[in-house]
Amino acid sequence: MKVACTGRSRALGARIAEILGAGLAETRISRFPDGEIYLQTGPLDGSTVVVGSLLSGDSLVELLLLIDACQRSEVQLVVPYLGYARQDREFKPGEPVSARAMARALSTGVDRVVTVNVHKETVLSHFTVPAAQVTLEAEISDFIAALDLTDPLILAPDEGAASFVATVAARGGWETDNLEKTRVSGTEVRMEPLGRGPWTGDVVLVDDIISTGGTLATAARMLRGQGARGVHAVCVHGLFTGNAVERLGSSGMDEIAASDTIESPQSRYSAAGAIARALSR
Ligand code: R5P
């Protein structure tokens, strides 16, 4: 078995290969003069794990090309971050179900798909091959435990994240709660104060995605205003769009951590173990 990765998923791909005891298929990626992407893989075996997060138009093209380049072997596709999953229905007439469009495109030429903390599980039904997600409650819980905080409150920024965050908290034996968020625009949210009264200890905000940082920056400012001693953020997928990291820092956030589903300086824990276990099943 070989593991072949797109350009933005090389570190995670190497970790998965190491855990599986598989070789890495070197992938050379460059551009033709007109901007089209050129890709070439090294020698493959009978079975290939293709690893690539879907982050942008280019990353989708890279993934499609890599899947095609691996067609002489069986292909298991790992999409650590499945972009476009948030447009999971037609919110206004004439809109695409973008998650469905991506899932259909990525089903071609692969035997099965594994992804990580997809925004909504129903998205998996759009793949035309078997598709499963792994979720990182255990990894996040272990990461928080290593911070060595005294009785932290594990807080979800909205109701949508509450059940995932409650599982993280239960694993560590910590208290949990959730805030109530109303989205004002793509970059701004409004948040109701924490109902349980001032929390003067450490708070760890846990979410599936940090994109512009608007959600967690708003929560951090409010918690600091209510007297929280420390505010930390842990997410699965750290998109960190634009100046998100600076925005979070200036909101009073002590710590910003994400997994390596999207590789960045904030990648502080790995999804590789969970993905490798799913592939071995
Ligand atoms: C929304 O439902 C997600 O769970 C995240 O809370 C959201 O994507 C975060 O976005 P941002 O960082 O731009 O506020």
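As the structure lists them, so they are numbered: ligands from 1, and atoms in each ligand from 1. All residue numbers in this chain count up from 1 along the given sequence. Values in this document were obtained by computation on a predicted structure and should not be read as measured data.
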Nearest-contact summary for atom 2 (O) of ligand 1 - protein heavy atom, Å:
H119 CE1, 3.3 Å
Heavy-atom distances under 4.0 Å decide this one: backbone, side chain, both or neither, for T212 against ligand 1?
both
Which residue supplies the protein heavy atom nearest to atom 5 (C) of ligand 1, what is that atom called, and how far is it?
D207 OD2, 3.3 Å
For G213, is the nearest heavy atom under 4.0 Å from an atom of ligand 1?
yes
Protein contact of atom 4 (O) of ligand 1 - nearest heavy atom, named by residue and atom, plus distance
D208 OD1, 2.5 Å
Let me know which of V165, V203, L155 forms a side chain to side chain contact (heavy atoms under 4.5 Å, CB included) with D177.
L155
Which one holds for E188 and ligand 1: side chain close, backbone close, both close, or neither close, with close meaning a heavy atom under 4.0 Å?
neither
In the protein, what heavy atom is nearest to atom 9 (C) of ligand 1, and what distance, to one decimal place, separates them?
I209 O, 3.4 Å
Sole residue of H119, H126, K120 in side-chain hydrogen bond (donor to acceptor under 3.5 Å, both in side chains) with D88:
K120
List the closest protein heavy-atom neighbour of atom 14 (O) of ligand 1: residue, atom name, distance to the nearest 0.1 Å.
T215 OG1, 2.6 Å
Is there a side-chain contact (heavy atoms from CB on, under 4.5 Å) between L136 and S259 once you walk through the steps?
CA-CA 9 Å; L136 302 187; S259 80; 4.0 Å; yes
Can you tell me how far the CG atom of L279 sits from the CE atom of M1, to the nearest 0.5 Å?
7.0 Å
What orientation do Y38 and F32 show, parallel under 30°, tilted 30 to 60°, or perpendicular over 60°?
perpendicular
